[in-house]
Every structure is written in structure tokens, then in C-alpha cells.
Amino acid sequence: MVNFELRRDRILVRFRDKKTEWVIEPRYWRNPTIAITFLFLLPLFVQTWPNILTMITTANLYAAIAIPLALQMLGTARVNFGPQLYLGLGGYTAALLNLHGGWTPGETLFAVVVVCAVVAILISPTTWIAKGLYFSLITLILPLTFLDITYIWGDIFRGEVGLTGMSPLLTLPKVTWNYLAYYYLSLLLMLLYLLICDRIVRSRIGVNLAAINENEDVARMMGVNVDRYKVFYYVFPSVLTGIVGWFIVHTFRTFAGVTYLPLEFMIKILIIVLVGGRAFLYGAIPGAYLVSIVEDSLRTLGPVNYFVFPLVLIVLIIFLPRGEGLWGLYRKRRPRDYFPKLHVRRE
Amino acid sequence: MSEILLKILIFTVIWGSIYLLISLGFSLICGVLRIFHLGYGVTFVLAAYGLWALMEDAKLGLGLSILLMIVVQIAFALIVFYKGVFERYLEEEEVLLTLTVLISLAVAHLANYLYPVTAGVSIPTTIIDDVVSIGYITISWQMILAALVGIVVTAIYCLWFLHTRIGLIIRALSQGLTAAMLMGVNVRRMYYLAMVLSILPPTICMLMIAPFWSVDPFMGAPLLMTAMLISILGGLGNLKGSIVASYLVGFIHAAVSFIFVSRFMGLAALIVTLIVMIWRRGGIFAGETLW
Amino acid sequence: PASQPTTTGPIKIGFMGNLSAPFSLSAKAAAMLAVEEINNAGGILGRKVELIVEDTKGEIPKCVEIYKKLVITDRVHAVIIAEKVEMGVAGMEIGAELFPEYPHIFFSTIGSGDDIWHHVRDNYKKYRFGFQTYYSTSTNYLKIVAGINSDIYKNLVKTDKVAIIYEDMEWTKPLRKGLPNVSPPLAGVYKERGLQVVNETTLSLDQKMFSPVFEAAAKAGAGVIDCAIGYIDQAAFVKQWATSSARNIPLMIWGGLAGMPAAWKATEGKVNGVMVGSSMIRVPITKKTIPFMDNLVNKYKIGPIFGSHTTYDTIFGFKKAIEKAGGTANIDKLISALENVEEEAVLGKIGWDKKYHFNLPYPKYVTPIVQWQKGEMKVIYPLEYKMADYASPADLRK
Amino acid sequence: MLEVRNVTKRFGGLTAVNEVSFTVNEGEVIGLIGPNGAGKTTLINLICGVYKPDSGAIVFEGKDITGLPPNKICHAGISRTYQIPKPFEAMTALASVLVSVLNGKKRSHMSLPDAVMEASYYLEFVGLFSKRDTLARDLNLYELRMLELARALATTPKLLLLDETMAGLNPKEADAALDMIWSAQEQFAVTILWIEHVMKIIMKATKRVVVLHYGKKMAEGPPEEIIRDPRVIEAYLGVRYAQNL
Amino acid sequence: MLKISNLSVAYGVIPVLHDINLEVKQGELVALLGSNGAGKTTLLNTISGLIRAKEGSIFFLGEEITRQMPDRIVNLGISQIPEGRKIFPYLTVKENLLMGASISRAWPQREEMLNHVYELFPILKERANQRASLMSGGEQQMLVIARGLMAKPKLLMIDEPSLGLSPLIMSKIYDVIKTFPEQGVTVLLSEQNAHMALEIADRGYVLQDGHIVLTGDREFLLKSELVKQAYMGM
Ligand SMILES: Nc1ncnc2c1ncn2[C@@H]1O[C@H](COP(=O)(O)OP(=O)(O)OP(=O)(O)O)[C@@H](O)[C@H]1O
Ligand SMILES: Nc1ncnc2c1ncn2[C@@H]1O[C@H](COP(=O)(O)OP(=O)(O)OP(=O)(O)O)[C@@H](O)[C@H]1O
Ligand SMILES: [Mg+2]
Ligand SMILES: [Mg+2]
């Protein structure tokens with residue numbers, strides 16, 4: 001009786017001899033505000049499943065790590081395996097100050113920004129000292145060294161157990177409200193990061209970012225102060241990542257380096273970036289959501305999910321539009337966009 | 001004092017050679033295909049669990065199992081890694097890195113699913129199950145043997161690369177693909193060969209070290225880390241560098257654990273690597289070429 | 001509160017573990033076995049028991065997510081986390097947040113160390129819903145295990161020179177540093193008991209080469225090597241011991257792979273002569289022990305490992321407590337019932353400390369010390385379960 | 001305006017540039033020729049700060065610029081093109097020039113739209129305006145050379161170093177390029193140091209030529225004299241070329 | 001020796017060569033002239049198998065090589081000297097030369113060939129153990145030509161040997177190339193510098209926008225207006 005017909009650009013609905021059609025106008029469905037509205041309304045649908053709310057909160061946080069990471073990789077023109085270092089630094093700083101110094105979350109936020117900035121500035125010379133892949137490998141080694149330290153100085157960092165009992169960011173009368181608030185906070189954090197990074201990429205210094213990512217020697221010859229920009233592009237995203245650590249501390253209220261510092265965690269972030277697509281900044285969001293949802297739904301398979309999950313990801317990466325991931329499905333490439341490509345530089 | 005020096009010396013040589021055997025294949029792939037093979041750890045897992053499956057489940061003898069396992073290894077390396085990933089994504093390195101990691105994760109979890117720790121997987125001591133005393137210390141023959149094998153395999157590889165036609169071709173290939181093709185090199189066959197060459201050392205290594213190392217489904221990651229550390233320290237994909245770096249790491253481990261505490265040997269190696277990389281930006285031999 | 005779990009209908013227990021790890025899998029099977037047995041015997045106060053199994057994948061964010069699901073969506077009466085300690089701690093933190101509105105009981109049945117019961121000790125009101133069922137608290141280690149060990153060293157091994165090897169993890173910290181006002185460190189305890197500690201070392205978790213440690217212990221002339229290790233690579237550790245200068249000095253390992261039946265195969269028999277605390281030995285400590293082990297293997301094709309006994313016993317303890325409290329309606333009544341419960345268990349008697357909520361240690365809950373002798377684990381201590389005499393590694397290798 | 005004083009650069013055992021000195025005067029076009037491997041490109045790299053000289057000094061407008069980083073040297077007013085074009089492959093022509101406009105001057109406070117206007121002007125000048133949205137990797141060699149020129153000019157240099165701009169261009173294109181460079185010199189008042197193998201162009205374009213040979217300065221003078229210098233003929237031009245004159 | 005008929009080549013959808021007919025006979029030195037972007041390199045790459053032809057056929061010594069792999073074609077006796085000096089930077093000069101002889105057919109005679117190319121280019125002998133990347137542009141060009149000879153090719157295709165070379169070195173290299181036909185090596189020389197090329201070539205083809213627009217022997221081409229105007233800048 002009622003007949004749906006899916007055409008390339010429209011859906012036809014036939015009812016007896018009446019016909020209505022709904023045009024799928026790319027201009028509308030591509031509009032990001034729809035997506036953002038959807039994300040804001042999402043709790044309405046999942047309210048009764050706090051675990052799903054937590055899952056997407058976590059997905060937001062993963063995206064909030066992936067977005068600055070993309071900026072960092074482009075601006076320093078190197079693949080970076082180690083943003084977890086700052087996640088760990090931010091987390092431990094917030095947790096320790098909160099536990100032993102009694103600092104409030106607001107105060108620890110300030111401390112996290114300062115500590116991450118200082119450490120990142122101290123480490124940033126490596127962005128121009130170490131060549132090519134070696135920089136990536138230094139970033140790989142640093143979090144592992146930090147992880148070792150959390151065991152060696154167990155009195156402070158409490159090794160595998162981690163720190164617990166930090167004060168919560170919010171104390172609303174009902175825990176479920178709390179979780180809802182955390183969801184919105186994480187969403188805002190993620191969108192804020194997206195906005196900031198997007199702004200940077202589209203600004204004057206964004207042009208320099210592209211030049212550095214393409215060929216830093218030539219950029220230098222064109223008068224770009226490459227070293228200074230690299231420091232900026234290393235330090236600023238590091239601080240953003242540190243703030244995510246702070247957020248984790250005050251929402252989960254436990255923080256253990258073993259969870260966040262090993263390479264496995266980083267690989268998850270890299271996968272998110274990859275599934276999301278090469279237009280990293282925006283792709284990170286659908287990437288984070290997809291990876292989280294796939295992982296969660298695979299858990300119903302029982303213990304086999306452990307090797308099915310990587311297989312599913314492999315299939316996803318292979319079959320999504322080459323190099324552009326989910327974002328490539330969502331939006332056709334426009335010629336004037338600068339689509340950065342990660343170069344693994346060997347020189 | 002001299003006792004400690006002797007200990008350090010002996011363990012530098014033994015551990016260095018073992019680390020060399022662990023990292024040789026990784027350096028080779030890095031040098032020839034110019035990629036970072038993050039799925040390298042799979043070779044160890046496949047070697048151990050493949051052998052176990054053939055011996056315990058298919059009830060084949062040791063020799064036959066080893067042979068068959070090597071065949072499986074080669075097939076896996078060529079079909080899954082080479083055909084499936086390297087050939088298709090050589091230009092998109094971020095995809096390549098992630099795919100190799102995912103494959104190794106899948107293999108490790110599959111091994112864990114089929115043979116969890118409770119299955120008690122191990123590889124038998126193949127040659128001599130005895131110990132020997134040198135000066136004040138006692139070492140198992142197996143360790144000495146592993147070290148010797150490490151030295152011999154490396155020597156064979158190096159000599160082969162330096163003095164044979166195919167070795168020359170592979171070295172040239174690592175520097176210029178089009179030029180090599182114009183010289184009449186069958187590139188694909190050479191890449192196959194390089195893949196095969198790179199899985200032999202870790203396979204031999206697993207057979208040699210299993211009697212004093214552990215066999216578990218997730219051992220690929222720490223072994224890959226060791227291989228990577230050594231490659232980085234020596235200069236990516238440079239065999240000379242790998243040799244020097246292996247013994248350097250062996251020395252650091254031995255010195256730290258005999259003079260100081262063994263708890264810090266891993267950390268010390270990490271820190272030395274960091275320092276070396278800041279001091280010499282491309283590792284010890286700034287590896288741009290296989291040799 | 002409005003969100004009280006149901007007081008009629010099935011009693012729900014949520015189980016969380018890392019289902020790629022054998023110990024969580026085995027604990028899961030044990031939990032299923034316990035629930036099945038209870039249901040077959042008519043349930044708890046006539047109510048069926050329902051087990052909801054969830055996989056944490058060993059990640060804290062996932063663990064937090066699932067804990068919320070179990071408590072808020074599924075309204076479980078109790079959550080069991082059978083996993084590493086950081087998961088237990090994270091769960092306890094979330095539980096405390098939920099507890100005022102969603103009363104429930106929390107059990108940690110694997111994570112070693114003191115963190116769970118320290119929470120209860122430090123803030124009883126907030127964390128009183130948490131219970132730890134694992135034979136591993138530092139007081140237990142220092143007061144009881146150390147005593148058993150020194151007894152074995154003096155009377156069975158007949159030596160007074162001990163070398164101690166720790167792994168660098170939180171659970172060994174009290175052993176290395178002592179507990180203020182409670183106990184000196186392990187070395188101090190041994191000294192008090194007339195032993196001489198000749199060497200002490202700490203191992204890192206990712207270490208693979210152990211020769212230097214054994215060389216050092218042998219050089220110091222140790223008569224026995226006391227290994228407070230459970231998480232490091234024990235296969236490599238044992239294999240390298242058996243081919244080192246220290247190969248004739250017996251090892252006493254506190255727990256881990258060496259205590260599993262698979263250890264013989266996994267080490268090619270190099271574990272011969274090692275002493276280890278193991279609950280996986282077929283020795284009838286109570287009349288439940290052997291049936292439990294057999295049923296687990298027959299029904300779920302998985303042997304008991306660490307945490308399976310404790311998980312199984314925890315559920316029976318919980319059952320007894322509900323019966324004592326007359327239902328699940330009043331959470332504080334249930335908690336005080338749990339504090340006072342004592343039930344026959346697989347490894348002795350299960351019950352929890354009234355103030356601190358760790359399960360009652362030896363001699364109530366027994367972990368036999370076994371020695372590997374030519375392919376078999378033989379209990380050598382406590383003497384009432386003894387299966388064989390202690391023999392030196394050198395003799396066993398002949 | 002530029003003074004190169006006894007500059008030496010060694011690579012391992014090879015001395016690529018050996019005790020070379022010369023000066024470039026304001027407003028002139030000076031040629032730099034020499035056999036392959038004579039060290040011409042290396043000399044340019046030394047002036048631009050890519051390499052640091054082992055000894056000697058480079059003075060620009062009275063300031064010692066030896067060993068300054070390339071971006072500082074660029075700000076001082078020296079710009080270059082590459083022998084083998086090095087475009088920002090994934091960037092559009094306009095964006096590539098934009099980089100130079102925004103960074104070429106010391107502390108420019110230009111807004112983005114203004115910078116785009118200026119970049120468009122330079123693209124228009126070299127005749128690439130219609131290709132402003134084409135990715136650099138899709139340009140052909142001539143266009144790439146022109147893009148390099150636009151990029152170099154957009155940093156508002158006082159001294160422009162051209163490295164074999166004509167190599168690989170056919171005579172027609174070469175003529176067009178030559179015109180372009182001349183009008184650039186007029187319009188932007190730049191001084192030019194020009195490396196080229198095509199003697200015809202050197203003859204046409206320059207008033208003075210420096211000849212390098214094995215890293216050493218061999219001769220210097222007006223091009224008409226240089227091509228008759230027997231040493232230069234022997235080392236560089238070849239007898240046949242001399243006969244064909 | 002080499003016979004190309006109706007060859008068309010495209011990069012993806014962009015056609016580059018249209019309907020090319022070309023023949024090289026044994027012992028000839030044939031020049032392939034054309035401005036930048038005319039398609040000379042593309043043609044040579046198609047012959048040596050780096051690029052696949054869309055239509056048409058290529059025969060070498062009676063055997064069809066249109067869709068063969070590059071290594072097979074080299075083994076048959078066609079060597080290409082690529083433009084832009086594609087050396088192996090970290091091999092020594094000698095190893096670079098040996099790579100030229102790496103096909104199994106030429107390997108046994110490598111020592112003779114080495115001596116031969118050392119005679120042609122004495123500088124290579126001097127620098128035999130130097131890393132190739134440390135040679136200057138001109139030296140590298142000599143190295144590449146010598147390397148091409150090492151395979152004992154029957155047909156040698158040289159792509160723009162004069163690109164970026166000083167007049168002296170250019171004429172030196174041309175002097176060497178001139179002698180190749182006498183040594184039994186047929187040469188197909190791709191060159192923009194028509195003047196230089198025609199000085200030594202027997203015959204020539206002029207390529208414009210992917211079409212062959214003119215062909216004939218040296219005198220004919222030297223006199224042709226087209227060549228004069230477009231390629232010699234007269
Ligand atoms: N980075 C480097 N490392 C080692 N040697 C180098 C380096 N750069 C250049 N050389 C060597 O220095 C010498 C001079 O090279 P340069 O490129 O300056 O010559 P050129 O005059 O520009 O030649 P061409 O006309 O061929 O471009 C050459 O022998 C070259 O091989
Ligand atoms: N990989 C490619 N993809 C698309 N088009 C290409 C590619 N390579 C070359 N072309 C185009 O094919 C045409 C012929 O190029 P080719 O390199 O064969 O010319 P050529 O005559 O050798 O020029 P030159 O004198 O610059 O070496 C040119 O228009 C060029 O832009
Ligand atoms: Mg040059
Ligand atoms: Mg060409």
C-alpha cells in the first residue's frame with residue numbers, strides 16, 4: 001500500500017495513487033549544526049541507559065584528545081605517538097594537588113595548564129632537534145618513561161593502583177543528573193577544542209601550519225619562523241590534552257597511569273583519527289563515536305570480541321573512502337580546502 | 001671489581017647478541033621497504049604458537065613442525081602483510097602503521113583465545129639442556145647458543161648483503177625504486193625476498209630464546225619495543241647501527257643490573273636512547289641506508 | 001531511596017571482568033557455577049539468582065561505564081569485580097557515588113593489595129558497601145604469610161639465610177617499607193623470627209632478564225629465595241632460575257603462574273623444586289573443595305585459578321548474609337549481616353572483617369603452600385594437608 | 001650590497017666552496033656560472049643560511065649575516081628560487097604565495113584579506129592568476145618555476161638569488177621567463193644573482209659574471225670577456241662552444 | 001630493431017601520446033626531439049615498461065614487449081638512462097655501476113664492462129669508492145650513462161643527458177654517446193636541445209604535444225623551419 005522508493009537524491013513515497021517526495025538536499029544534511037543539535041539532544045534518547053551516556057562521554061573525551069593531536073601533528077609536521085604524556089601529566093597534577101593540597105577543581109585546572117605548558121616548553125626543543133621519524137619515536141618513549149616513573153615513585157603516583165578519591169567536578173542532587181552534566185561538559189569541551197583548532201587552521205598561522213606540514217625547509221626560506229611555530233604547535237595542543245586529563249580526574253575520580261600511558265591507549269586515538277578521516281579536526285568526532293559504538297556492541301559476542309574488534313576496524317579502514325575516512329563519506333572534497341596529509345618523514 | 005667487570009662483559013656479549021637477533025628482521029624491513037613494521041611482533045607469536053599447535057594439536061614431530069611453521073610464517077608475511085597492507089598502502093603511512101598494529105592485535109588476541117596462559121604453551125629446549133660456569137657465573141647453554149646464533153645469523157646476513165649480487169640489488173632497491181626497476185630488478189620478487197629474510201631471524205630467535213624466555217600471546221609488543229628501541233638507537237634500518245645499538249643496550253642492561261639494580265635496566269636504556277637521539281639526531285649511524 | 005533494588009523477584013548479581021584474561025574467565029565460570037548451584041537448591045529465600053556478566057576489556061573508562069549500567073539500568077543487588085586492582089578501585093569510587101541513591105553491595109574478588117579495605121577503613125560511612133575477598137592484605141602478608149614462610153624456611157628447608165625479591169608494584173610496598181604502627185617490613189619480620197636476610201632486590205614489571213638477580217642471591221649465600229612476585233613474567237623467571245648459579249637454592253613464590261597446573265608445561269619442567277602458594281591443588285580443605293574443582297572443569301571446561309575460589313565463596317557468603325538479613329530490603333541490615341556472616345567455603349571459611357571488610361585470613365581461609373615435585377604439585381604446608389615432604393631442588397632434579 | 005668574504009664550505013673531505021669572495025652591487029644583475037659541481041648551489045645555500053660556512057663571512061647591507069637562520073636572512077631581504085622546484089604540493093598556488101606574503105617581512109601586521117590581495121597581485125604578475133586554486137602538484141614545470149618566482153618576490157626581497165630558472169624550459173618559455181625577470185627587476189627594484197648554464201641568457205641578462213670552478217673563483221668580469229677567457233673556455237665552455245661563437 | 005606502431009598512452013584519463021609510429025634500426029643513433037612536456041619521457045618509460053600503453057604495440061627484435069614488466073624488458077636488451085640522474089645515493093660509485101650489471105645476463109662480464117666504462121669516463125675510476133651522492137651533477141650524469149652501459153644493452157635509451165650540464169661536460173658526454181653505435185649499441189636519444197642532438201644523430205623524430213610531427217634524417221631536420229624556430233631558438 002504505502003510504497004517507499006529510494007532514488008539517488010530523493011525519497012519517493014507513494015500512497016495509493018498519491019505521490020509525495022522528499023528531496024535529500026545535501027546542503028541541509030551536510031550542515032554541521034544538525035549534527036551538533038543531534039549530539040545535544042542525544043541524552044533524551046539514551047537517558048535510561050547511563051552506560052551509553054558514559055560511553056559517548058568517553059567518546060567525546062577521545063575526540064577531545066584526537067583533535068589537538070591532529071593540530072599537533074600538522075604543526076610539527078611529524079607523527080606523534082605521545083599525547084598521553086600530557087594526559088598523564090594533567091591527570092596526575094590535578095589528582096595530586098586535589099588530594100594532598102586540597103585544591104579545588106578550578107584551581108587544579110589552572111595548575112594543569114601551567115604544568116603542561118612548562119613541561120611542553122621544556123620538551124619542545126626536540127621538535128627541531130630530532131629529525132624525521134626520530135621525533136615521533138621520542139614522543140613514543142616519553143610516556144613509557146613516565147609510566148616507569150609512576151611505579152618507581154610509587155609513594156607519590158601509587159603505581160598500578162593509581163590515585164583515587166579526587167573531588168568531583170559537580171555535585172548535583174542526583175547522580176544521573178551528574179552524568180548528564182558530565183556528558184554536556186565533555187561535549188562542550190570537545191566542541192570548544194574543535195572551534196579553537198578550526199579557528200587556528202583557518203587563520204594566518206594556519207597558512208603557516210600548512211607550509212610547515214608540506215616542507216619545513218622551504219617554509220623557513222620563505223621567512224616562516226618554523227622553530228617558533230613548532231613550539232607553539234607542540235605546546236598548545238599539549239595543554240589542551242592535559243586539560244582532558246584534568247577532566248578525567250574530576251569525573252571518573254580515579255586516575256592510573258597504566259590505563260592512559262601505554263601505547264595501546266594511543267593506538268586507539270590514532271585509529272579514531274584514521275577512521276574519522278584525513279580532515280582530522282572534524283573526522284575525529286565521528287571517528288570517536290563509531291569506534292566506541294562498534295567496540296561496545298561487539299562486547300555482546302563474548303570473548304571472541306577481542307580479536308573481532310581489530311578485524312572490524314581493519315575492514316572499516318580498508319573500505320572507507322581512501323584516506324578520508326568517515327568525513328569523506330560525509331562531505332565531498334572541495335578544491336580549495338587544504339587537506340593535510342600526514343607525512344612520515346625520514347630525512 | 002674484576003669480577004663485576006667480567007660479569008658485565010659476558011652479559012653484554014650474550015644479551016647484546018640476543019637483542020641483535022630480536023631486532024635484525026625489524027631493521028631489515030625498515031631498511032629495505034623503508035617502513036616501520038609495527039606488526040613485527042606477530043612473527044614471534046606465530047612462531048611460538050604455530051609450533052605449539054603443530055606439535056601438540058596436530059601431533060607432528062619437532063622437525064616437521066618447525067618446517068611447516070616456517071612455511072606458515074612465510075605465507076602469512078607475504079599474503080597478509082605484504083600483499084594485504086604494504087603493497088596497497090606504501091604511500092599512506094599512517095594507514096599502514098595502524099593496519100599493522102591492528103593485525104598484530106588480532107593475532108595476539110586470537111592466540112590468547114585459543115591458547116590462554118593456562119594451556120601452558122612452551123617451546124622445548126632444542127639442543128642442550130644444561131648449564132655452564134664461566135668464572136663466577138653460571139649460564140645456560142641455551143643462552144650461549146642463542147647468542148652464538150645471533151652473531152652467526154647477523155654475520156651471514158651482513159656478508160650476504162655486502163658481497164652478493166642479490167644483496168647489492170636489495171641495498172640499491174632501498175635507495176631508489178624507479179632506478180632499480182630500470183636496472184632490470186624484479187622489484188616484487190625482491191620485496192618478497194626481503195620479507196622472507198626479515199621473518200627468518202625472529203623465527204629462529206623465538207626457537208632459541210623460548211627456553212629461557214616466556215611464551216605468551218602478548219609477547220609481541222615487548223619484543224617489538226626492544227627491536228624498535230635498538231633500531232632507533234642505531235639509526236632506522238641500518239644494520240651497522242643495529243649491531244652497535246644491540247651491544248650498547250646489552251651493555252647498559254648488564255652494567256645497570258650488576259653495578260646498580262636490575263629494576264632500572266629498562267629505564268636506563270630508554271634514557272640513554274633519548275640522550276643519544278638528542279645528541280645525534282638520526283641515531284648512532286643516522287640510518288638512511290641498509291648498510 | 002526511590003531507586004531501591006527490587007525486594008522481590010530475582011536477586012541480581014553483576015559480574016565484571018576482563019574476559020580475555022584467564023583469571024577473569026575462571027572467576028566468571030565459578031560465579032556461574034555458584035549461581036547454578038544456588039538456583040538448583042531453590043535460590044535465596046525462594047528467589048532465583050540472576051547473574052549478569054559484563055566485559056570491562058581491562059579499561060577503566062569501560063569499567064566505569066559498565067558499573068553504572070549494572071547498578072542504574074539493571075538494578076543489581078551486588079557487583080563483583082574480578083579483575084586487577086585498579087579496576088576494583090575505580091569501581092569502588094563509582095559505587096560510592098551511586099550508593100546513596102542506588103544501594104548495592106560491591107565485592108572485589110581478585111585485586112591484590114590493601115586499597116579496597118583501606119577505603120572502608122578510612123571512610124566507613126561512604127565505602128561501607130565494599131567488601132574484599134582476596135587473601136592478600138599487607139597485614140595478612142606481614143603477620144601471617146611471613147610467619148608461615150619463616151616456619152617453612154627454618155623447619156623444612158632448614159636454612160636461616162633468606163634473599164628476598166620483590167616486584168615493583170603497589171601490593172609489595174608494605175612488604176618493602178613496612179606498615180607504620182603495625183609491622184616492620186618483611187625483612188624486619190624475618191629478622192624478628194630469627195632469619196637472616198642476606199639480599200633484597202626489586203624487579204620491574206617488564207623485566208625479562210633475571211640472571212643478575214639470581215647471581216646476586218647466590219653470591220650472598222642465600223639458603224632460600226623468597227619471591228614476593230605475582231605479576232611479572234614468571235615463566236622466564238623460573239626458567240632462568242633453573243639455569244643460574246642459584247638453581248640449587250629453592251624459590252618460594254607467593255603466587256602467580258607458578259601456582260597453576262600449567263606451570264610445569266609452560267616451563268618445560270624447570271619449575272621443579274619451586275615452592276608456591278597455590279589454591280589450585282586437589283586437597284580437600286573442606287568438603288566443598290573437590291566438588292567445586294570437578295564441577296568447574298566438567299561444566300565450564302576451565303580449571304580453578306586465582307579468584308575463582310574467592311568469587312565462588314563470595315556468592316555463597318552473600319547468600320548466607322541475605323538469608324540472615326531476611327531479604328534485600330534494608331541495605332544496612334544486609335551490610336551488617338555480611339560483616340557477621342561465616343559460611344563454609346572452598347578454602348576454609350568465608351567471612352569478612354567487621355570494621356575493614358577484608359575476608360578473614362588464615363587459618364580461616366587457607367592457601368596451601370605446595371612444592372613442585374617431578375611434575376606434580378605437592379602440599380608441604382600446612383602440615384595437616386601435607387602430601388609430601390620438602391625436597392631440595394638438587395635432589396628433585398636427579 | 002652583498003659581500004661574500006673568503007667563504008669556505010666542506011662536505012666531509014670535499015671542499016665544495018673554497019675561499020670565494022665577491023661583491024654584488026645594488027641594482028645589478030650578476031651571473032654565476034661554472035661547471036656542474038662547481039659549488040654554485042652550495043654558495044646560494046650558504047648565503048641563504050641553509051648551511052653555515054666553515055670559514056669566511058657574508059655581509060649584507062653592512063650587516064654580518066653569517067650563520068643566521070634562513071628566516072632571519074629572508075627578513076633581511078634575501079630570497080631565492082630552487083634549482084629543482086620545491087612547491088608545497090598539497091597547497092594551492094595562492095596559498096603558497098600567501099605564506100611568503102605573511103612571513104616574508106619582519107612582523108607584518110597584515111590582515112588575512114589584505115594578504116590574499118597582495119598574493120593575488122604577485123600571481124597576476126607571473127601570469128598564474130588563473131591557476132590560483134590549482135594545487136601546486138598539478139602545475140607543469142614552467143608554471144612551477146613561475147610560482148617559485150612569485151613566492152620569492154612576495155617576500156619583498158632586495159636581493160633575489162635565481163638557481164637555474166631556465167633549466168628544462170624551451171626557448172619560448174625561456175624568453176617569457178627572461179622578460180618576467182627583467183620586469184620584476186624593474187618593478188620591484190631587486191638586485192639579482194643568477195645561476196644559469198644557458199650562456200645565451202647569461203650574455204643577454206647580465207653585465208658581470210663570476211665563474212666558479214671546483215669551488216674556487218676562477219674569473220670575474222663582463223660576460224663578453226669571460227667567454228673569451230681561455231681558462232674559462234678550457235674548464236667550462238668547451239672548445240666547440242668557442243668555435244661556434 | 002625497435003618498432004612502435006600506433007602507440008597511445010594516457011595518464012589516467014589524460015592522453016599524453018597519440019598514435020605514435022617509430023622505428024629504430026640496428027646500429028643507428030636516433031634522436032627524439034621535442035619541447036618540454038611533449039611526451040618524450042613518457043614514450044621512453046612506455047618502452048621500458050614503467051608505464052602501460054593504452055593502445056598499439058611495441059616490438060623489439062621481433063618480440064612483442066608492449067605489456068611486459070620492466071625487468072623482462074631490460075633482460076631483453078633495452079636499457080634506459082633516466083632523466084634527472086636517478087643514482088643510488090648511498091652506494092659507492094662502483095656499486096652503482098655494478099647495479100647496472102645486476103641482471104643475470106650481464107653479471108658474469110661485470111669486470112670487463114667496469115674497465116670499459118672506466119676508460120670512457122676516467123673520473124668514475126678516480127671516485128670509484130666514493131658515495132655517489134657526493135658527486136656533482138655532471139659527474140652523476142656520467143655515472144648514470146655508464147651504469148646504463150653496464151647492462152650490455154642492445155638498445156640504449158638516453159633521456160635528456162644535457163639537462164643542467166655545463167657546455168664542456170655536455171660536449172664531453174656527447175662525444176662519448178657518439179661512439180656508441182660503433183660499439184654495437186643502438187641509441188635512442190631524447191633531447192630538448194635539438195642542436196646538440198642533431199649534431200650526432202643519424203635520424204630524428206620531432207614530438208609535439210604527443211604527436212610525431214616531423215621525421216627525417218639529420219640534414220633534413222637541421223634545415224626544417226620547424227626545428228629551427230621552435231627548438232633552436234634561431
Ligand atoms: N649536502 C651535501 N653533502 C655532501 N656533498 C654535497 C652536498 N651538497 C653538495 N655537495 C657536493 O658539493 C659539490 C658542489 O655542489 P653544487 O650542488 O653546489 O654544484 P653546482 O655548482 O650547483 O652544480 P650543478 O650545476 O650541477 O647544479 C658537488 O660535488 C656536490 O656533490
Ligand atoms: N604522472 C603523470 N601524471 C599525469 N600527467 C603526467 C605525468 N607525467 C607526465 N605527465 C604529463 O605528460 C606530458 C608529457 O610528459 P613527459 O614527461 O613525457 O614530457 P617530456 O617530453 O619528457 O618533457 P621534459 O622535457 O620536461 O622531460 C606532460 O604534459 C606532463 O604534464
Ligand atoms: Mg646546482
Ligand atoms: Mg622528459
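Order of the sequence lines fixes the chain letters, A, B, ..., with proteins taken first and strands second; residue numbering starts at 1 for each chain. Please read all numbers here as calculations on a predicted model, not as lab measurements.
- When atom types are taken as modelled, the side chain of C:K68 and the backbone of A:T54 share no donor-acceptor pair closer than 3.5 angstrom.
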For this session: Before giving the answer on side chain to side chain donor-acceptor pair (under 3.5 Å), spell out for C:E97 and A:Y179 the whole-Å C-alpha distance, their side-chain angles and the decisive distance to 0.1 Å.
Result: CA-CA 11 Å; C:E97 214 171 273; A:Y179 297 150; 2.9 Å; yes
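- A 6.0 Å sphere centred on NZ of C:K299 holds more than 12 heavy atoms belonging to other residues, nucleotides or ligands.
- When heavy atoms are compared at a cutoff of 4.5 Å, A:I152 approaches chain C by way of both its backbone and its side chain.
- Between C:E86 and A:A256, the closest heavy-atom pair is CB-CB, 4.5 Å.
- With sequence neighbours excluded, the residues satisfying ring pair (Phe, Tyr, Trp, His ring centres under 6.0 Å) with C:H119 are C:Y127.
- Between chain A and the residues C:M92, C:M87, C:E59, the most heavy-atom pairs under 4.5 angstrom are made by C:E59.
- Looking at A:Y62, only its side chain comes within 4.5 Å of chain C, counting heavy atoms on both sides.
- Annotation: residues 299-307 of chain A contacts chain C through A:R299, A:P303, A:N305, A:Y306 [non-hydrogen atoms, separation under 4.5 Å].
- Contacts between C:N18 and chain A at a heavy-atom distance below 4.5 Å involve backbone atoms as well as side-chain atoms.
- Of the possible polar contacts, none joining the C:E93 side chain to the A:T164 backbone as a donor-acceptor pair under 3.5 Å is found.
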For this session: List the steps, then state whether side chain to side chain contact (heavy atoms under 4.5 Å, CB included) holds for A:T176 with C:Y102.
Result: CA-CA 11 Å; A:T176 37; C:Y102 299 90; 3.7 Å; yes
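- Side-chain atoms of A:E160 come within 3.5 Å of backbone atoms of C:E170 as a donor-acceptor pair (strictly under, hydrogens ignored).
- Looking at C:V85, only its side chain comes within 4.5 Å of chain A, counting heavy atoms on both sides.
- Neither the backbone nor the side chain of C:L70 comes within contact range of chain A; no heavy atoms are under 4.5 Å apart.
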Exercise. Would C:K84 and A:V258 satisfy side chain to side chain contact (heavy atoms under 4.5 Å, CB included), going step by step from the backbone distance to the final call?
Worked result: CA-CA 11 Å; C:K84 290 173 297 184; A:V258 271; over 6 Å; no
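- No side-chain heavy atom of C:C63 sits under 4.5 Å from any side-chain heavy atom of A:F252.
- Atom OH of A:Y151 is separated from atom CD of C:E167 by 9.5 Å, given to the nearest 0.5 angstrom.
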Problem set entry | side chain to side chain contact (heavy atoms under 4.5 Å, CB included) evaluation trace for C:E65 with A:D296 | CA-CA 10 Å; C:E65 178 192 325; A:D296 221 50; 3.0 Å; yes
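- Heavy-atom pairs under 4.5 Å with chain A peak, among C:L205, C:V64, C:D168, at C:D168.
- For a residue to count as touching a neighbouring chain, one of its non-hydrogen atoms must lie under 4.5 Å from one of that chain's; by this rule A:F265 does not touch chain C.
- At a 4.5 Å heavy-atom cutoff, the contact between A:D155 and chain C is made by backbone and side-chain atoms alike.
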Problem set entry | Worked verdict on C:I60 versus A:F255 for side chain to side chain contact (heavy atoms under 4.5 Å, CB included) | CA-CA 9 Å; C:I60 286 184; A:F255 195 86; over 6 Å; no
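- Within the 4.5 Å cutoff, no side-chain heavy atoms of A:V175 are placed close to those of C:F99.
- For the pair A:T57 and C:P61, the minimum side-chain heavy-atom distance is 4.5 Å or more.
- Looking at C:K57, both its backbone and its side chain come within 4.5 Å of chain A, counting heavy atoms on both sides.
- Between C:D115 and A:R158 there is a side-chain heavy-atom pair separated by less than 4.5 Å.
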